[in-house]
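For reference, the structure is listed below as structure tokens.
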Amino acid sequence: MAFLGLLLLSGIFGSVYTDKLHRYYSVNYHDHFYTTNANEIGTTTVGQTGNYGYVYEGFEGYVRDSQISGEVPLYRYIKQSGGIDHFYTTNAAIIGTITPGQTGNYGYTSEGVVGYCQPSQVGGTVPLHQYWKGSVQDHLYTTNGNDIQAMTIGYVYEDVACYVYEAEP
């Protein structure tokens with residue numbers, strides 16, 4: 001019976017933290033980019049440059065690849081006028097569309113769902129902090145409260161985007 005319980009638990013919780021939320025930065029675009037698909041940029045070696053000139057900076061935590069009760073989608077948007085900016089939110093009303101390829105408010109186009117996260121803190125999660133640097137039109141997201149001090153001055157704290165899982169089981 002214990003073995004069956006382990007099988008059931010591994011099936012239920014096995015994909016909880018399976019998708020790393022990878023973080024990249026492009027000096028050319030002044031853009032932070034986050035994805036769970038490592039093939040999108042093509043590298044997960046810190047400091048290495050991948051596709052489109054994005055440099056891998058590490059990962060911010062884990063998100064689910066499918067939604068369970070209590071979790072919310074983390075939407076990804078891109079704005080390509082006046083530079084490139086990727087914007088991530090759980091509040092679809094801000095941009096006004098969740099349809100990939102459709103442009104909504106503020107000129108941002110939906111790129112779909114990155115993954116599923118918690119709307120409030122629960123055990124095993126950490127806040128994904130959202131910052132904005134208006135001079136280069138860049139949103140930065142980090143789970144490291146000290147991370148922003150090491151970066152170029154000028155990022156302004158906005159909010160907690162959501163809560164991501166901090167570790168694999």
Taking the side chain as every heavy atom from C-beta outward, state whether Thr44 and His22 have any atom pair closer than 4.5 Å.
->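 The answer is yes, as the side chains (C-beta and beyond) meet within the 4.5 Å cut-off.
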
Common cluster, Tyr106/Val136, ILVMFWY with side-chain heavy-atom separation under 4.5 Å = no

Give the cluster check for Tyr163 versus Val122: same hydrophobic cluster or not, with ILVMFWY residues linked at side-chain heavy-atom distances below 4.5 Å.
->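 Not linked; separate clusters.
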
Please list all pairs passing the salt bridge (charged side-chain N to carboxylate O under 4.0 Å, His left out) test where one or both residues lie in residues 100-124, with sequence neighbours left out.
-> Arg76-Glu111

Might you work through the side chain to side chain donor-acceptor pair (under 3.5 Å) test for Tyr52 and Asn28, ending with a clear yes or no?
-> CA-CA 9 Å; Tyr52 317 108; Asn28 297 331; over 6 Å; no

Would a line drawn from the ring center of His129 to the ring center of Tyr157 be shorter than 6.0 Å?
-> yes

Quick check, are the ring centers of His139 and Tyr88 under 6.0 angstrom apart?
-> no

Just distance, no hydrogens or angles: give the donor-acceptor pairs under 3.5 Å from side chains in residues 94-103, sequence neighbours left out.
from, atom 1, to, atom 2, distance (Å)
Thr97, OG1, Thr99, N, 3.1
Thr97, OG1, Gln102, OE1, 2.7
Thr99, OG1, Gln102, OE1, 3.4
Thr103, OG1, Thr109, OG1, 2.7

Which residues satisfy the side chain to side chain donor-acceptor pair (under 3.5 Å) test with Gln67, sequence neighbours excluded?
-> none

Partners passing side chain to side chain donor-acceptor pair (under 3.5 Å) against Thr89 (at least two apart in sequence or in another chain) = none

Mutual orientation of the aromatic rings belonging to His86 and Tyr54 [parallel < 30°, tilted 30-60°, perpendicular > 60°] = perpendicular

With sequence neighbours left out, write down each residue that passes ring pair (Phe, Tyr, Trp, His ring centres under 6.0 Å) with Tyr77, or none if nothing qualifies.
->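 By the ring pair (Phe, Tyr, Trp, His ring centres under 6.0 Å) rule, Tyr77 matches no residue at all.
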
Please check if any side-chain donor atom of Tyr155 sits under 3.5 Å from a side-chain acceptor atom of Asp138, or the reverse.
->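 Present: a donor and an acceptor within the cut-off.
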
Please output the side-chain donor-acceptor pairs of residues 114-121 that fall under 3.5 Å, not counting sequence neighbours, one pair per line with the distance.
from, atom 1, to, atom 2, distance (Å)
Gln118, NE2, Tyr165, OH, 3.1
Gln121, NE2, Thr125, O, 2.8

